[in-house]
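Working notes for the structure below.
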Amino acid sequence: MEIKIAKNILNANENIAEENRKLFAENNILAVNLMSSPGAGKTELLDATLDALNGGRAAVIEGDICTTLDSERLAHHNVPLVQVNTDTIGGACHLEASMIQSALDELDLESLDIIFIENVGNLVCPAEFDLGEDIAVSLLSTPEGADKPLKYPLMFKQCDVSILSKLDLAAPLGIDPGEMETNVKRINPDALILRLSAKTGDGMDRWIDLIKSRFEEKNA
Ligand code: MG
Ligand code: ZN
């Protein structure tokens, strides 16, 4: 009985994710779902990305259990921001497709090319919930250690793109990004891996090129 209920929840999520996907397609929007543990640098990456895109008809849906702190950090970009605080809807430690559906009601979709979704910081269940996005991205920051893809395989299996973030900290902390990369590849041989530092800008150009080319491919 329990198993049946859980399955229904995931089925319901999948149906709404499909509706979101349709809505993105109808409006020629590329949707990017950023996932990672807390503190891996999702907001920092978004900050640098919005700088690089110079606004770029982008919007952000900010997922957090509590607070609007990340939205406040990004407010100076003057892009549309929708905050989703999951504690007001049961304290979920991840975003679900229905939350994105509600957030999309708050956005003028015709005016947008890209929607970035910052998921709740959590390396586990966000990977279980399809939001209807075009690109699922995991961030793994160098200080977290090379073993994380092996310990949390679903996240790295589900993401087409894996970003090794905070690359500037690898050398000072004596961390080998090559080992992190090897472990991501062990879980997902097809993953595109990008090493970058949003702080120094190192590697940001490949990330921005990826977003632009995926947007063009989708709307070709
Ligand atoms: Mg954040
Ligand atoms: Zn969760």
Side-chain angles (χ1 to χ4, degrees), residues 2-3 5-14 16-17 20 31-53 58-77 79-103 114-133 135-144 148 151-159 161-169 194 196-199 204 207 211:
E2 288 299 310
I3 292 166
I5 290 165
K7 200 175 163 195
N8 285 344
I9 290 168
L10 286 175
N11 283 346
N13 186 78
E14 195 48 51
I16 300 172
N20 291 346
V32 182
N33 180 12
L34 296 175
M35 294 176 277
S36 76
S37 59
K42 296 182 295 302
T43 314
E44 190 176 36
L45 177 64
L46 279 178
D47 199 0
T49 302
L50 292 171
D51 269 338
L53 293 173
V60 178
I61 297 173
E62 264 301 337
D64 254 316
I65 297 173
C66 294
T67 79
T68 54
L69 290 169
D70 286 357
S71 292
E72 288 162 35
R73 253 177 97 182
L74 299 175
H76 69 279
H77 291 287
V79 301
L81 288 163
V82 184
Q83 180 73 49
V84 177
N85 279 144
T86 56
D87 68 340
T88 62
I89 36 183
C93 40
H94 56 264
L95 293 177
E96 296 182 18
S98 59
M99 301 173 192
I100 300 305
Q101 190 172 50
S102 304
I114 303 170
I115 295 180
F116 293 102
I117 300 164
E118 181 175 343
N119 218 306
V120 177
N122 180 345
L123 218 41
V124 186
C125 43
E128 293 169 18
F129 291 83
D130 182 8
L131 304 180
E133 73 269 24
I135 319 179
V137 181
S138 65
L139 276 80
L140 176 63
S141 64
T142 52
E144 288 174 81
K148 296 304 173 293
K151 287 185 173 180
Y152 303 94
L154 184 65
M155 176 60 74
F156 296 90
K157 210 172 279 174
Q158 294 292 82
C159 287
V161 180
S162 272
I163 290 179
L164 301 187
S165 61
K166 305 195 182 183
L167 193 59
D168 54 297
L169 294 179
L194 301 176
L196 61 79
S197 165
K199 191 175 178 183
M204 278 296 292
W207 163 242
I211 293 167

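Values below: every heavy atom of this structure, side chains too, minus hydrogens, waters and symmetry copies. Both counts, for ligands and for their atoms, begin at 1 and track the order of listing. This structure is a prediction, so every number in the text was calculated from the model and none was measured. Residue numbers run from 1 in the order of the sequence given.
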Geometry at the Mg ion (ligand 1) - T43 OG1 versus D70 OD2 angle, rounded to 10 degrees = 90°
Can you find a pair of side-chain heavy atoms, one from V84 and one from I117, that are under 4.5 Å apart?
-> no
Check whether the side chains of S71 and E62 place a donor and an acceptor atom closer than 3.5 Å, and report yes or no.
-> no
Indicate if the distance from the Mg ion (ligand 1) to the nearest N, O or S atom of E118 falls below 2.8 Å.
-> yes
Considering only N, O or S atoms, which atom of H94 is nearest to the Zn ion (ligand 2)?
-> ND1
Do we see a donor-acceptor contact under 3.5 Å between the side chains of S138 and S162?
-> yes
May I ask you to check whether N119 and N33 show a side-chain donor-acceptor distance below 3.5 Å?
-> yes
